[in-house]
Every structure is written in C-alpha cells, then in structure tokens.
Amino acid sequence: MDITLVQESPFRFRMERQGPMRVPGVVFATQDLLPQAAGDKALEQVANVATLPGIVRASFAMPDVHWGYGFPIGGVAATDIDAGGVVSPGGVGFDISCGVRLLAADVDRGPLAPRMRRLMDILGDTVPRGMGRGGLWKLSGRAQMEKLLVAGAGYAVEQGHGVPRDLERCEDRGALAGADPSHVGQRAVERGLNQVGSLGSGNHFLEVQAVDRVYDDAVAAAFGLHAGQVCVMIHCGSRGLGHQVCTDHVRVMDQSLRGFGIDLPDRQLACAPVVSTPGRAYLGAMAAAANYGRANRQLLTEAVRHAFTTAAGAVVELVYDVSHNTAKTETHDVDGVPRRLCVHRKGATLALPPGHPDLPADLAGTGHPVLVPGTMGTASYVMVGAAGNDAFASAAHGAGRVWSRHQALHRVRGEQLRAELESQGISVRPSSWRGLAEEAPAAYKDVDEVARATEGAGLARLVARLVPLGVVKG
DNA sequence: ATGTCC
C-alpha cells in the first residue's frame with residue numbers, strides 16, 4: 001500500500017481508506033513526531049490495523065507511535081463486538097497491562113536532598129529488577145495465583161500489601177473485570193509465581209521525580225500534586241506471565257484464522273471474533289494477566305513506602321495507576337449509536353473526560369489521570385482526559401522510540417551515560433550497562449513535544465511536568 | 001516486552 005498522510009489540522013493527519021482498509025487511519029502528531037526514518041513500518045501498521053474485521057471509526061495512532069508487533073505501539077483500534085468485531089493479542093502487546101503508577105510523597109525536593117543518597121541506596125537494594133531474579137512476593141501455587149489473577153491489586157491489598165485507599169486510585173479499582181484464570185496456562189502461572197513485585201527490564205523503571213512545573217493548579221491539587229513535590233513513578237508490566245499468555249493465545253488464533261475466514265495483511269495481526277471460543281479465551285486470560293500487572297505495581301509500591309519511611313520518614317500516597325496495554329469492553333457512540341466495542345490500546349492510556357461515570361468519585365469532575373513517562377534524562381508528564389477525544393478516550397503513553405535498541409547500543413555506552421546523568425544530578429542504579437544504553441534519552445522522541453501534541457490534538461490536557469532525581473532501572 | 005530459542 002502507498003501510505004500518504006494528509007494534514008487535517010495542526011496535530012492531526014489522515015490516511016485515506018484504500019485497498020483492504022475498512023476505515024481510514026488517523027495519526028495525532030506534529031510533522032517532527034511522525035515516523036520518518038527510511039523503512040519505518042509504523043504507519044504501514046496503522047493501515048494494516050484498519051483492515052481488521054469489525055473495526056470502527058478509524059485506526060488511530062498517538063503522538064508517540066512507533067513500530068511494534070503487528071499493531072504499532074501507540075495504536076488504538078476499536079471493533080464492534082456485536083458485528084463480528086475481532087480481538088487481537090497483537091493489539092494489546094506481549095506485555096499485557098504494562099502501565100504506570102505515580103506515587104506522591106509528603107516531602108519536597110529541597111528537604112529530601114540530604115536523604116536522597118540513602119533513599120536511592122535502599123531502593124537500589126530492595127527493588128527487584130532485570131531478567132529473572134524473582135520478586136517481592138512468592139506465591140504458594142496455582143490456587144493462590146488464581147485469586148490474584150481475579151482480584152489484581154485488590155488481592156495484594158487484601159493480603160496486607162497496601163491500604164484500601166490505594167484501590168480508589170487504580171484504573172478499574174485495581175482489577176479488570178472478566179478475568180478467567182482457566183485460560184491462563186500452567187507454564188504462564190509457573191513463570192509468574194515468583195515475579196510479583198519486580199520491575200523486569202527493557203524500558204521499565206522506578207524513578208524518584210520532582211514536580212517541575214504545574215500547568216493546571218486545580219487538577220494538580222485534585223491529584224494531590226504541587227510544585228517542588230517529590231514523586232515516584234513506576235513503569236512495569238506482567239513479566240513472564242503476561243508474555244506467556246500472549247504467546248499461547250497468538251498460537252491458537254493463528255491456527256483458527258482460516259476457520260473464521262479472516263484474511264490479514266500481516267500474520268502478526270492474528271485475531272478472532274470477540275464472540276468466539278478463542279476470542280473469549282484470550283480476553284479472559286488477558287484480563288487475568290492485566291490483573292497480575294496491577295498486583296505487580298501494588299507490591300512495588302510497598303518497597304517504595306518502606307524506603308521513604310526508612311530514609312526520610314516520609315509518607316507516600318497513590319496518585320493513580322494506569323495500564324497502557326489492554327483490550328477493554330467499552331460502550332461508545334459510533335455514528336450517533338451506542339455500540340459495545342472491544343477497544344485495543346497498545347501503548348495508549350485511557351483518558352476519560354470529566355463527568356464520565358467510570359471515574360473515581362473524587363475525580364468525577366476532574367477527568368482521568370494520564371501518565372506519560374518520558375526518559376531518564378528528560379521529563380515525564382501528568383495529563384488529564386479531555387472532552388471531545390474521538391480516539392475512544394485514549395492518549396499517549398510515553399515518549400516513543402526513534403532509535404532501535406540495536407542502534408542505541410551502537411551509539412551509546414552505558415557507563416558514559418550514567419556518568420552524564422550523575423553529573424546532571426540524576427542518581428542512576430542500573431541493572432545492566434547494556435539495558436541502560438538501550439534506554440538512552442537520545443533513543444526517544446522529545447517527550448515535551450509528545451505532550452504538547454497530545455494536548456494540541458485534544459486527547460488530554462497538561463497538568464504537571466516531572467523531572468527525574470533518581471532512576472532505578474530495570 | 002520476554003527464563004532475548006523448547
């Protein structure tokens with residue numbers, strides 16, 4: 001297909017429907033943010049997604065869009081469940097329920113400074129990270145795992161890992177509905193037993209940050225944030241369990257495609273009707289893995305609280321926890337008619353507008369928090385859902401890669417990067433030099449530009465900018 | 001993203 005984008009407005013580009021595309025493509029970006037490298041396949045993936053059975057409105061891409069497995073990362077696609085719409089594991093990603101949790105401390109960066117070294121030492125010693133290596137909580141076996149897979153962060157809190165108030169500030173109150181552990185295979189369960197409360201690797205991290213700037217005082221106050229305040233941002237997912245769930249169900253769907261008569265431009269878009277045996281099985285397993293990811297972030301919160309209490313006598317509260325790799329059943333108006341949709345958000349954050357019934361009561365008038373992690377040398381953003389978002393209430397989830405991991409390794413040395421960050425006053429506790437180099441700030445788009453485009457496109461509004469003080473790197 | 005190949 002010949003991919004041509006037409007600029008519709010300053011932050012919105014349109015890809016006309018052609019060939020097997022059932023809907024157009026829509027990319028929210030500035031010219032500078034569009035994938036431009038020769039051979040970049042992200043926009044081709046936006047077009048491929050537009051061919052999926054049952055897709056409605058458009059195949060959307062957020063400002064941080066980049067190439068991924070089947071779907072682009074930063075892609076949003078909704079299918080009509082009652083009109084043969086499909087669910088695709090590639091539209092969620094291998095790291096099911098990968099997401100971000102933001103915590104706010106009752107201390108500002110100035111007073112914390114003398115305690116920062118000790119705080120980072122404790123976090124560095126107590127936050128499990130890297131490949132394998134275990135987690136904070138070892139589950140006893142499948143029976144206990146199934147409770148966690150159904151109740152997510154709620155099960156962790158019930159078992160003493162956190163306080164009930166935490167759940168008030170979790171998307172879906174900490175548990176995605178519809179989890180069916182019977183569709184989570186034994187290998188997935190075994191991989192997950194010893195990884196609850198672990199960061200993993202790749203782009204996952206735990207950062208101590210400070211609120212650098214507030215754009216909306218009222219919303220920031222509703223979120224419990226003010227300028228100068230110390231925060232902690234946790235970015236991680238469902239580890240080996242989520243990966244195994246994706247692998248297992250992609251295989252099943254790949255084999256069932258012919259039976260459903262589904263023709264795809266890319267085998268990585270393997271999918272099945274939501275209303276089908278493999279479709280329901282995947283969604284049940286996906287929700288279970290999503291809940292594992294949420295419990296994972298709940299356990300890591302406990303390590304943060306311990307470190308802040310010990311190093312600084314400070315109290316840490318949950319601002320919000322969002323997943324940015326999910327497929328959720330939601331009702332949206334399509335052409336003026338309410339439809340039950342399967343909304344895939346792969347590297348995209350739920351961004352409900354003020355007044356939406358699914359918001360926590362104390363944020364009902366504010367809107368859904370949108371957490372946009374940047375890079376360890378730049379900044380991260382807190383945004384809030386806005387009215388008029390036609391991408392099914394979705395927004396960006398991060399900066400978005402521009403260099404492949406291979407390119408980053410070729411151009412950056414981990415030891416040198418750490419020295420540069422330390423000289424900027426950013427404390428770094430890596431798990432490997434290679435992993436650090438792959439995540440160099442230069443490997444990413446400009447997160448300030450991504451946040452500006454996200455607001456300009458009407459997807460979400462700016463609330464606060466956070467800057468890193470210390471990085472515990474997965 | 002991932003016991004970076006069962």
Side-chain angles (χ1 to χ4, degrees), chain A residues 41-42 45 64-75 88-101 128-135 138-139 145 184-206 234-252 254 268-270 282 285-286 288-294 296-297 300 322-327 344-349 373 375 397-401 403-410 414 431-439 443-444 473-474:
Chain A
K41 301 285 185 195
Q45 292 186 318
D64 52 333
V65 65
H66 56 288
W67 178 87
Y69 176 88
F71 281 56
I73 297 163
S88 172
V92 174
F94 273 82
D95 194 7
I96 295 165
S97 195
C98 181
V100 183
R101 171 173 288 220
R129 57 194 187 278
M131 292 289 287
R133 304 195 200 177
K138 183 166 170 50
L139 302 182
M145 175 65 85
V184 177
Q186 189 57 25
R187 182 186 288 184
V189 168
E190 283 166 9
R191 287 179 70 171
L193 286 175
N194 199 26
Q195 291 187 320
V196 188
S198 66
L199 279 180
S201 58
N203 62 359
H204 292 160
F205 64 78
L206 185 154
I234 300 168
H235 178 212
C236 65
S238 52
R239 304 296 327 275
L241 183 141
H243 189 274
Q244 193 66 47
V245 165
C246 182
T247 301
D248 293 346
H249 287 264
V250 162
R251 183 180 297 118
V252 170
D254 189 61
Q268 293 184 354
L269 294 175
Y282 170 69
M286 187 277 305
N291 293 337
Y292 184 96
R294 287 149 182 217
N296 188 21
R297 292 191 287 274
L300 289 164
V322 294
S323 300
H324 50 230
N325 283 4
T326 57
H344 302 73
R345 294 188 183 86
K346 182 189 193 176
T349 305
T375 79
H397 87 305
R401 288 198 84 88
W403 293 353
S404 69
R405 295 190 175 278
H406 185 79
Q407 286 172 317
L409 276 179
H410 193 68
S431 63
S432 79
W433 293 123
R434 176 187 170 145
L436 197 69
E438 287 180 351
E439 292 298 315
Y444 282 85
K473 195 68 196 79

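Convention: sequence-line order gives letters A, B, ...; per-chain numbering from 1. This one's a predicted model, so the numbers in the text were calculated from it and none came from an experiment. Computed from heavy atoms alone, side chains included, the values below leave out hydrogens, waters and symmetry copies.
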Q. Would A:R129 and A:S198 count as having a side-chain donor-acceptor pair, cut-off 3.5 Å?
A.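 A:R129 vs A:S198: no donor-acceptor pair found between side chains.
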
Q. When you check the side-chain N and O atoms of A:R297 and A:S323, is any donor under 3.5 Å from an acceptor?
A.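 Their side chains do contain a donor-acceptor pair, which is all the 3.5 Å distance test asks for.
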
Length of the [atom1]-[atom2] vector between [X] and [N], whole Å:
X      : N     : atom1 : atom2 : value
A:R434 : B:dT2 : CZ    : P     : 14 Å
A:Q268 : B:dT2 : CD    : C1'   : 15 Å
A:Q195 : B:dT2 : CD    : C1'   : 9 Å
A:Q244 : B:dT2 : CD    : P     : 13 Å
A:D248 : B:dC6 : CG    : P     : 11 Å
A:N325 : B:dT2 : CG    : C1'   : 13 Å
A:L409 : B:dT4 : CG    : C1'   : 12 Å
A:H243 : B:dC5 : NE2   : P     : 9 Å

Q.
Looking at A:R434 and A:E439, is any side-chain nitrogen of the basic one under 4.0 Å from a carboxylate oxygen of the acidic one?
A.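 Here A:E439 does not pair with A:R434 in a salt bridge, since their nearest N and O are not under 4.0 Å apart.
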
Q) With nearest nucleotides of DNA chain B determined for A:R251 and A:R405 from heavy-atom distances, which residue corresponds to the more 5′ nucleotide? A)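 The answer here is A:R405.
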
May I ask you to say what [X] touches in the nucleic acid, namely base, sugar-phosphate or nothing, with a heavy-atom cut-off under 4.0 Å?
X      : result
A:G93  : nothing
A:G240 : sugar-phosphate
A:R133 : nothing
A:E438 : nothing

Q) Any idea which heavy atoms bring A:K346 and A:G91 closest together, and the distance? A)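 Closest heavy-atom pair between A:K346 and A:G91: CB-O, 3.2 Å.
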
Q: Give a yes/no on whether any side-chain N or O of A:S201 is located under 4.0 angstrom from OP1 or OP2 of B:dT2.
A: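 For B:dT2, OP1/OP2 do have a side-chain N/O of A:S201 under 4.0 Å.
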
**Q.** Mutual orientation of the aromatic rings belonging to A:H66 and A:H397 [parallel < 30°, tilted 30-60°, perpendicular > 60°]
**A.**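 Taking A:H397 first and then A:H66, their aromatic rings lie parallel (interplane angle under 30°).
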
